[in-house]
Amino acid sequence: MVSNIQGQIERVTFHNEENGFTILRVKVPGYRELVTLVGNLMAPLPGQVINATGEWVTHSQFGEQFKVVQYKTLVPATVTGIEKYLGSGLVKGIGPVMARRIVKLFGEDTLVVIDETTDRLCEVEGIGEKRLGMIREAWVDQKHIREVMVFLQGHGVSAGYAAKIYKQYGNQSIEVVKENPYRLAMDIFGIGFVTADKIAENLGFQKDSPVRVQAGVIYVLSRMADEGHVYYPYGLLIEKCMKILEVVEEAIARALDSLFSEKRVIIDNSSGKDVQSTSATSAVYLSTFYTCETGVASRVKTILLSTHSRRKVDTDKAVGWVQQEISMSLARNQIEAVKTAIDSKIMIITGGPGTGKTTIITAILAIFERLGIEILLAAPTGRAAKRMSEATGHEAKTIHRMLEFSPHKGGFQRNEKHPLMCDLLIVDEASMIDTVLMYHLLRAVPLHSTLILIGDVNQLPSVGPGNVLRDIIESNAVPVVRLTEIFRQAQQSDIIVNAHLINSGVMPELGPSNEARNDFYFIEKTEPQEALETILKLVCIRIQNAFGFDPLNDVQILTPMNRGTIGTYNLNVEFQKALNPREDGMMRGGRSFRINDKVMQIRNNYDKDVFNGDIGRISKIDLENHEVTILFDGRPVVYDYPDLDEIVLAYAVSVHKSQGSEYPCVVIPLLTQHYVLLQRNLLYTAVTRGKKLVIVVGSKKAMAIAIKNDKQQNRYTFLKERLSGPNSQ
């Protein structure tokens with residue numbers, strides 16, 4: 001039965017910005033208890049009056065609720081309502097304490113004062129010119145954001161995107177969206193083609209509109225890049241676009257023609273020339289990826305053909321000298337690596353844990369330092385760079401920092417015209433470097449210098465498009481030294497021994513094999529709920545009691561997937577409850593954030609100098625200024641509320657996100673429910689993240705499936721062929 005109720009919102013229990021689903025507690029005249037309202041609502045705030053039409057329903061767990069079908073919100077009229085409204089986080093610069101002071105002074109006229117005579121707020125204790133300016137700007141912005149919210153809601157889109165859209169386009173937001181809603185998918189993180197398409201449909205754009213189909217083709221190519229592909233075959237792209245866009249082949253072909261003529265895509269007939277072709281096997285690139293892939297090939301060949309600026313070195317004498325210098329005898333393939341580094345312009349050293357990569361770097365550094373030349377060390381992530389610094393005693397930087405990336409100056413400042421100042425560049429964790437980053441790195445390498453890439457080619461490939469390290473190795477274009485011998489000290493670790501067994505396709509020893517080895521354990525669990533309960537006890541109690549590892553600082557859960565009982569989403573909710581059960585905090589996009597939460601950045605943010613996969617801890621939540629401060633390696637980084645969609649909880653992370661990191665203790669859930677993602681290189685990568693302790697919780701069957709599955713997902717790249725061929729184009 002349809003009913004109507006009206007009351008003041010006391011509390012927003014839950015609000016998901018992505019789909020608008022909301023749970024409210026409302027004070028309704030005539031009801032002794034607060035009433036629970038549920039429905040898709042547009043950014044409701046405590047203190048507002050809501051007039052809702054809907055029906056009463058009974059929830060099996062939470063009892064009687066009012067399910068909202070239609071509603072409207074009204075600005076609060078009572079002093080109490082206004083105080084709640086202002087103190088809810090509506091306006092940057094006004095928190096609960098300041099709201100109380102303002103309302104105490106202006107009473108029921110408060111909102112009129114803020115709206116029409118804002119300067120009077122200076123009469124309130126604690127509000128000076130600086131805060132007044134902040135409040136005035138936030139109040140005006142809030143009005144415009146509300147307009148955008150109303151517009152979006154009228155076109156079936158969650159109001160949670162309004163603040164981001166307004167931040168991007170300002171007062172032109174509605175006009176931009178009306179003119180070309182597909183710009184949202186390209187310009188704003190978190191808004192994809194599907195959301196933009198929904199707005200476009202409501203605005204009257206036809207399915208076969210050229211604007212829509214072109215945007216759809218770009219979307220599909222971008223999605224393929226997210227899966228690791230540098231290009232996608234023309235025929236497969238047509239099929240995928242037809243399925244996703246629900247238009248005929250001719251419309252997609254016309255869109256590709258237009259995009260090609262505008263140089264937004266490159267259609268390569270795979271002979272190395274950017275000649276348009278409608279062959280099903282032709283490679284279709286987003287222009288950026290074509291430039292980067294051909295640029296990597298061209299630059300590698302250019303560096304290889306150039307000459308050293310330093311004098312020639314007797315490699316045998318150098319090896320003899322360095323073994324005395326570092327008081328260590330080098331193994332045969334370590335000597336080969338050192339000699340190759342001295343003689344080559346570019347080389348690759350690849351090997352798993354315990355194979356002596358650090359010793360080789362130490363030896364190479366000693367020789368090149370003796371020659372008195374400039375040396376630079378780098379790695380793709382901050383964590384990998386920090387590890388490299390600790391292992392070598394030399395400063396190592398992230399590649400982005402070394403190349404002086406600045407979003408405000410147009411990107412990487414180091415390039416052919418402004419190269420790095422070095423004669424030797426050593427880059428660790430090279431398997432993580434994607435096509436785009438490798439292109440910019442090679443552009444900045446001086447032609448006279450030596451480049452050494454070090455990485456484990458058997459780990460998962462880069463998160464970004466390409467399989468650069470493997471492609472360069474398989475092209476045979478540069479010297480490669482493969483390290484396979486596990487050194488005696490490393491043989492004392494079950495983590496290292498088992499990692500190599502996994503990589504060889506052999507089941508590991510599931511449990512400590514002798515007293516000297518006590519760093520790898522397997523706990524048999526076949527059901528997801530049992531595995532979850534076991535992991536909770538392990539991380540929260542047993543590991544700390546037995547090994548002394550702190551659950552928050554030392555232990556990292558690595559899981560193959562995001563969804564399911566032991567996926568990252570659910571594990572993070574459970575571990576937040578167990579390890580950080582605070583009441584205070586805030587909700588953003590259906591996620592709860594609390595002080596001391598372990599969190600991860602999920603995209604590169606060059607303004608903040610924080611990158612995809614960086615892990616930090618929330619140190620402060622400022623409800624008044626709408627800011628959250630997160631410590632990354634002790635460095636405070638401030639996030640405004642709209643930026644928090646770049647942050648997720650990180651008690652558990654995916655194996656892919658753990659690349660380039662090491663943790664004192666790693667716990668790995670591994671069940672047959674993960675079947676789609678059970679691959680040898682994924683399990684190998686997860687195990688090699690553990691430094692002192694690895695515990696696998698799961699089934700032997702799942703482990704056997706993963707170890708047997710050595711089929712790596714095919715990535716469409718043409719780098720190997722470009723490097724192998726007579727030219728790079």
Would Asn467 and Thr717 count as a side-chain hydrogen bond (donor to acceptor under 3.5 Å, both in side chains) here? Give the steps. CA-CA 7 Å; Asn467 206 343; Thr717 81; over 6 Å; no
Which is it for Val648 and Val599 under the side-chain contact (heavy atoms from CB on, under 4.5 Å) test, yes or no, and what are the steps along the way? CA-CA 5 Å; Val648 296; Val599 294; over 6 Å; no
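- Of the possible polar contacts, one joining the Asn572 side chain to the Ala652 backbone as a donor-acceptor pair under 3.5 Å is found.
- A donor-acceptor contact closer than 3.5 angstrom is absent between the side chains of Lys598 and Gln576.
- A donor-acceptor pair is defined here as one N or O able to donate and one able to accept, closer than 3.5 Å; such a pair exists between the side chain of Thr350 and the backbone of Gly455.
- Nearest approach of Ile496 to Pro353, heavy atoms of both residues: CG2-O, 3.4 Å.
- Interatomic distance, CD1 of Ile433 versus CG of Leu453, reported as 6.0 Å (0.5 Å rounding).
- Using a distance-only test at 3.5 Å, with no hydrogens or angles considered, a donor-acceptor pair links the side chain of Lys608 to the main chain of Val638.
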Could you walk me through whether Val637 and Thr629 pass the side-chain contact (heavy atoms from CB on, under 4.5 Å) test, one step at a time? CA-CA 6 Å; Val637 180; Thr629 303; over 6 Å; no
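- In plain terms, the two heavy atoms of Val687 and Ala499 that are nearest each other are CG1-CB, 4.2 Å.
- Judged by distance alone, the side chain of Thr685 and the main-chain N or O of Leu460 form a donor-acceptor pair under 3.5 Å.
- Proximity of a side-chain donor or acceptor of Ser504 to a complementary backbone N or O of Val506 within less than 3.5 Å is not detected.
- Residues Glu533 and Lys537 are not paired through a salt bridge, judged by the lack of any N-O separation under 4.0 Å between the basic side chain and the carboxylate.
- No donor-acceptor contact under 3.5 angstrom links the side chains of Glu227 and Tyr716, judged on distance only.
- Residue pairs meeting the salt bridge (charged side-chain N to carboxylate O under 4.0 Å, His left out) criterion with at least one partner in residues 568-577, sequence neighbours excluded, are Glu574-Lys577.
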Before giving the answer on side-chain contact (heavy atoms from CB on, under 4.5 Å), spell out for Ile602 and Ile647 the whole-Å C-alpha distance, their side-chain angles and the decisive distance to 0.1 Å. CA-CA 6 Å; Ile602 58 170; Ile647 293 295; over 6 Å; no
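- Remark: Arg680 engages Asp710 in a salt bridge (Lys or Arg N to Asp or Glu O under 4.0 Å) (not counting sequence neighbours).
- For Tyr219 against Val194, the heavy-atom pair with the smallest separation is OH-CG2, 4.0 Å.
- Looking only at side-chain heavy atoms (C-beta outward), Ile426 and Leu365 come within less than 4.5 Å of each other.
- By the 4.5 Å heavy-atom criterion applied to side chains, Thr359 and Leu330 are counted as neighbours.
- Under the 30°/60° scheme for interplanar angles, the aromatic rings of His500 and Tyr684 are found to stand perpendicular.
- At least one side-chain heavy atom of Thr36 sits under 4.5 Å from a side-chain heavy atom of Arg25.
- Judged purely by atom type and a 3.5 angstrom limit, Glu485 has no side-chain atom pairing as donor or acceptor with the backbone of Asn333.
- Put simply, the side chain of Ser431 never gets that close to the backbone of Val457: no donor and acceptor are under 3.5 Å apart.
- In this structure, CG on Leu451 lies 11.0 Å from CG on Leu376, to the nearest 0.5 angstrom.
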Just list the side-chain donor-acceptor pairs under 3.5 Å for residues 377-387, sequence neighbours left out, or say none.
residue, atom, partner, partner atom, Å
Thr381, OG1, Ala384, N, 3.0
Arg383, NE, Ser661, OG, 3.2
Arg383, NH1, Gly613, O, 3.2
Arg383, NH1, Ser661, OG, 2.1
Arg383, NH2, Gly613, O, 3.2
Arg387, NH1, Gly660, O, 2.9
Arg387, NH2, Glu429, OE2, 2.8

Before giving the answer on side-chain contact (heavy atoms from CB on, under 4.5 Å), spell out for Tyr639 and Ile630 the whole-Å C-alpha distance, their side-chain angles and the decisive distance to 0.1 Å. CA-CA 8 Å; Tyr639 288 75; Ile630 301 174; 3.6 Å; yes
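- Side-chain atoms of Thr559 do not come within 3.5 Å of backbone N or O of Gly567 as any donor-acceptor pair.
- For the pair Met347 and Val480, the minimum side-chain heavy-atom distance is 4.5 Å or more.
- Contact annotation: the side chain of Lys397 approaches that of Glu395 to within less than 4.5 Å [non-hydrogen atoms, C-beta and beyond].
- For Ser493 and Asp519, the side-chain atoms include at least one donor-acceptor pair closer than 3.5 Å.
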The test is ring pair (Phe, Tyr, Trp, His ring centres under 6.0 Å); show your working for Tyr651 and Phe575 and say whether it passes. CA-CA 6 Å; Tyr651 300 98; Phe575 274 93; 7.0 Å; no
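- Salt bridge annotation for Lys692-Asp554: absent, with no cationic side-chain nitrogen under 4.0 angstrom from a carboxylate oxygen.
- The local environment of CZ in Arg482 is sparse, with at most 12 non-hydrogen atoms from other residues, nucleotides or ligands closer than 6.0 Å.
- Between Phe412 and Phe405, the two ring planes are perpendicular [angle over 60°; tilted spans 30° to 60°].
- Looking only at atom types and distance, the side chain of Asn681 has no donor-acceptor partner in the side chain of Asn458 under 3.5 Å away.
- Although no hydrogens or angles enter the test, the distance criterion places no donor-acceptor pair under 3.5 Å between the side chain of Asn545 and the main chain of Arg542.
- Taking the six-membered ring where tryptophan is involved, the planes of Phe547 and Phe549 are essentially parallel, since the angle between them stays under 30° and well short of 60°.
- Closest heavy-atom contact between Gly466 and Thr435: CA-OG1, 3.4 Å.
- Listed for the Thr362 side chain is a donor-acceptor partner under 3.5 Å among the backbone atoms of Thr358.
- Within the 4.5 Å cutoff, the side chain of Ile543 has heavy atoms near those of the Leu693 side chain.
- You'll find the side chain of Leu403 reaches within 4.5 Å of the side chain of His440, heavy atoms only.
- No side-chain heavy atom of Phe522 sits under 4.5 Å from any side-chain heavy atom of Pro508.
- With sequence neighbours left out, the side chain to side chain contact (heavy atoms under 4.5 Å, CB included) criterion links Asp607 to Pro407, His408, Asn605.
- With rounding to the nearest 0.5 angstrom, the CD1 atom of Ile557 is 13.0 Å from the OG atom of Ser658.
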Identify all side-chain donor-acceptor contacts of residues 695-708 below 3.5 Å with residues at least two apart in sequence or on another chain.
residue, atom, partner, partner atom, Å
Ser699, OG, Ala702, N, 3.0

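- If you take CG on Leu558 and CG on Leu670, they are separated by 11.5 Å, rounding to the nearest 0.5 Å.
- Shortest non-hydrogen contact noted between Ala363 and Val338 is CB-CG2, 4.0 Å.
- In plain terms, the two heavy atoms of Val230 and Phe289 that are nearest each other are O-CB, 3.6 Å.
- Residues Asn612 and Lys657 bring a donor and an acceptor atom of their side chains to less than 3.5 Å of each other.
- With 3.5 Å as the limit, one finds a donor-acceptor pair spanning the side chains of Asn562 and Thr568.
- Scanning for side chain to side chain donor-acceptor pair (under 3.5 Å) contacts around Asn570 gives an empty result, with sequence neighbours left out.
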